[in-house]
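In what follows, a single structure is set out as structure tokens and then discussed.
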Amino acid sequence: MIATKILKQRESLPVFSYRQEIIDAIKKENLLVIIGETGSGKTTQIPQYILEGFENCRLIGVTQPRRIAAITVATRVSEEHGTRLGEDVGYSIRFDDCTSSKTRLRYMTDGVLLREATLDTQLEQYDIIIVDEAHERTVETDVLFGLLKATHRLRPELKILIMSATLNVEKFSDFFNGCPIFFIPGRTFNVNINHHRDAKISSLKSTYVQRAVETALYVHTQESPGDVLVFLTGQNEIDKACRDLIAREKDLDYRTDVKYADEVRGMVVYPIYSTLETMEQKAIFDDPPRYTRKIVFATNIAQTSVTIPGIKYVVDSGFVKQKSYDPTTGMDALLVVPISQAAATQRAGRAGRTAPGKAFRLYSRESFEKLDEETVPEIQRSSLLSTVLSLKKMEIKDILNFEFIDPPDPLLVKNALRQLFLLGAIDNEGKLTSLGDEMSIFPLSPFLSRALIASARQFGCSKEVMTIVSLLSVEEVFISPRTEKKQTEADERRKEFYHPSGDHLTLLNLFEAYQDNGHSREWCRDRYLNHRTLSTAKNIRDQLRELMIKHNIPLISCRKKNSHNDEREKKKRKLNYLDAKYDSIKILESFSTAYYINIAKRHSHRPVFYHYASARSPGNEYVDANSSLLALHISPVSALFPENRVVKMDDLDWVMYHNMLYTNKALMKVVSRVNLEWVEEKLKLFKELENARLDGSSVAKESEDKIVENDSEKNDAKNKEVIEENERKNQRLEAIEAARQRALNRRTVNE
DNA sequence: CATACGAGG
């Protein structure tokens with residue numbers, strides 16, 4: 001009975017009528033692009049057709065951009081196939097490998113396949129690779145494209161399928177040697193799109209939240225029953241929009257103001273964004289109470305990752321919060337930017353999943369037509385440090401000429417190469433060193449891999465560094481509450497963990513305490529620590545330990561003997577956890593082997609710091625501490641933040657920082673003290689950069705030198721601009737700060 | 001004093 005039902009469901013999918021044609025096409029072609037619109041069933045069905053139609057196929061790999069997709073699709077397909085999950089059909093994601101020797105169809109994240117490719121570039125165990133959701137253009141997908149194209153030359157019998165939902169299909173086919181395209185129509189409903197009459201997107205930036213609320217209210221009062229999804233950009237504005245809309249509803253008289261008052265008599269309003277613990281609160285996914293309209297304010301999470309059922313109306317602000325990496329400064333920026341046409345289309349499509357719908361765009365048709373056609377692929381706005389190390393590990397020598405479907409700015413590649421050289425992962429000819437080979441074992445930022453290996457091979461403290469590295473691989477563990485009172489309390493609780501050397505040891509303290517308290521959720525909540533984040537860090541730590549054991553990298557602790565006898569010492573320092581338990585110098589030295597690239601010296605009489613060198617900006621390396629004008633401040637959550645009074649500022653000279661955030665000033669986020677003697681030898685590498693030929697290409701040297709020259713001239717000019725702008729910014733900030741101080745002093749006198 | 005859109009190993 002069940003089997004018949006499943007078969008009926010499978011046969012009702014749009015893709016079913018193309019079953020034989022698809023099988024024939026795959027038999028004939030080793031490179032194939034399949035376009036399947038949302039709801040066509042391509043992800044679950046096509047791999048099964050292969051499973052059923054290709055008897056000699058050993059293993060099929062299907063990549064997904066998201067873990068959750070790999071799990072749910074594999075579960076579904078194993079059900080349809082009539083076997084247990086992990087037998088014929090399984091999935092493989094980080095921390096969770098649900099496959100066996102019997103597995104012939106393996107759903108996996110694109111990241112997992114990429115890591116497999118670093119160990120076996122030919123992907124020998126697979127007969128067919130399917131890259132699904134290719135239109136999402138993750139960094140991993142883009143790298144896989146280049147890799148698979150190269151693999152096709154050496155292993156032409158490997159079948160490569162690219163599956164995508166985009167309409168802009170020729171691009172994939174062009175990239176894969178003009179291979180055939182197979183089109184499967186989808187099953188979605190018509191969405192009527194309404195643009196604002198004249199609003200330009202540039203003028204919306206300061207008003208879109210308010211306009212989105214008004215538009216949601218308009219839909220609520222004027223349109224027939226059906227739920228509403230509103231796209232905004234971030235947590236703050238979503239919370240505000242929810243409050244505003246609820247307030248506006250209070251003024252409604254349903255009898256006179258609401259057109260469909262017979263069926264629409266109330267509303268429920270929900271926010272949704274990734275950090276929301278209430279993601280598990282199912283209400284968002286449930287039907288609203290009868291006669292009630294559900295209105296959801298969402299980030300981009302609702303564009304691809306989360307499907308909310310019952311949506312009939314979409315309100316599109318036209319904006320998204322997007323990370324972009326600036327290769328000239330080496331800093332990430334998180335900015336609100338206009339979306340692309342492709343994204344706008346995808347957002348609108350969310351209104352047509354179960355019935356015909358309507359989309360309301362807060363911007364005009366003219367503005368829509370001026371938007372970029374496609375979103376800039378992630379690979380063109382990310383740091384390529386890890387990617388380039390992986391490619392080096394796969395013995396791709398000339399990375400500047402690696403075949404990317406959309407090549408990143410050469411500056412991004414060059415900067416990654418420079419940093420890998422400074423980390424010792426490649427030599428001055430761009431060749432992977434044995435150190436670099438070892439670094440590529442770990443799924444970590446190469447900076448952290450470097451520190452971890454130093455702690456194991458040189459400093460005998462890899463157990464502790466492994467813990468700290470895990471915590472540095474996850475998002476912020478400290479929660480910042482919204483209310484002032486709770487914020488003060490959170491600040492207080494954090495002090496329990498502060499270590500006088502800075503934040504690296506603070507994180508170690510914190511994790512030890514988390515372990516000692518049985519990973520308790522309650523314990524975390526009381527201390528304003530993010531339990532979910534700490535639990536991820538624990539998983540990463542376990543994985544790192546496994547990898548170290550597997551690759552014979554020593555696991556050594558620098559825990560001191562008799563450390564339990566130092567109660568008096570602890571009291572003296574007013575630190576109630578673990579101080580003096582470890583050889584903290586060794587731990588910091590391990591980190592300094594990588595983070596010498598990020599060291600800064602304190603200003604002679606103010607608590608601000610200046611870069612020693614900026615490896616990230618070509619033409620600007622090896623600058624003297626006093627000649628670089630950008631003032632670096634210590635983050636307020638840091639143990640070393642002056643007002644936390646863990647250390648005397650006069651005792652601080654040099655510090656190293658894990659990362660930097662630029663908002664209205666430059667903030668160093670995870671900071672520890674460092675001795676200049678530890679890193680003096682390393683700093684000489686900056687000089688060596690000048691003569692190194694890292695790009696691995698020796699052809700056309702002369703003309704290339706010219707290009708480099710021009711590049712660096714351009715960069716010099718740009719850097720000068722940046723520095724001057726920063727200087728002006730700092731002067732303004734200093735003036736404001738002085739005024740604030742004067743005002744404070746006056747108030748104190750008055751009181 | 002004030003990051004935090006989403007995803008991944």
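Just so we're clear, the structure is a prediction, and the values are computed from it rather than from any experiment. Chain letters run A, B, ... following the sequence lines, proteins first, then strands; residues in each count from 1.
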Which part of the nucleic acid does [X] contact within heavy-atom distance under 4.0 Å: base, sugar-phosphate only, or nothing?
X: Leu667(A); value: sugar-phosphate
X: Ile93(A); value: sugar-phosphate
X: Gln543(A); value: nothing
X: Asn236(A); value: sugar-phosphate
X: Arg94(A); value: base
X: Glu378(A); value: base
X: Val112(A); value: sugar-phosphate
X: Glu476(A); value: base
X: Ser305(A); value: sugar-phosphate
X: Glu643(A); value: nothing

Does [X] have a side-chain nitrogen or oxygen under 4.0 Å from the phosphate oxygens OP1 or OP2 of [N]?
X: Arg115(A); N: dG8(B); result: no
X: Thr299(A); N: dG6(B); result: yes
X: Thr109(A); N: dG9(B); result: yes
X: Lys665(A); N: dA2(B); result: yes
X: Lys321(A); N: dG6(B); result: no
X: Ser274(A); N: dG6(B); result: yes

How long is the line joining [atom1] of [X] and [atom2] of [N], in whole Å?
X: Tyr273(A); N: dA7(B); atom1: OH; atom2: P; answer: 14 Å
X: Arg347(A); N: dC5(B); atom1: CZ; atom2: P; answer: 13 Å
X: Met660(A); N: dT3(B); atom1: CE; atom2: C1'; answer: 15 Å
X: Gln487(A); N: dC1(B); atom1: CD; atom2: C1'; answer: 9 Å
X: Gln322(A); N: dG6(B); atom1: CD; atom2: P; answer: 13 Å
X: Met668(A); N: dC1(B); atom1: CE; atom2: P; answer: 16 Å
X: Leu385(A); N: dG9(B); atom1: CG; atom2: C1'; answer: 14 Å
X: Leu661(A); N: dA4(B); atom1: CG; atom2: P; answer: 10 Å

Ring centres under 6.0 angstrom apart (Phe145(A), Phe172(A))
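Yes, the ring centres sit under 6.0 Å apart.
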Out of the candidates Asp97(A), Thr75(A), Asp96(A), only one should pair with Tyr91(A) under the side chain to side chain donor-acceptor pair (under 3.5 Å) rule; please name it.
Asp96(A)
salt_bridge(Glu237(A), Lys321(A)) N-O dist < 4.0 Å:
no
Using a strict threshold of under 4.0 Å (side-chain N to carboxylate O), is an ion pair present between Asp542(A) and Lys538(A)?
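The answer is yes: the pair qualifies as a salt bridge.
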His605(A): partners by side-chain contact (heavy atoms from CB on, under 4.5 Å), with sequence neighbours left out
His603(A)
Residue that, paired with His504(A), satisfies ring-ring contact (aromatic ring centres under 6.0 Å, His included) out of Tyr498(A), Tyr657(A), Phe591(A):
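Single pass found, and it is Phe591(A).
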Taking for each residue the nucleotide of DNA chain B with the nearest heavy atom, is it Phe442(A) or Phe641(A) whose nucleotide lies nearer the 5' end?
Phe641(A)
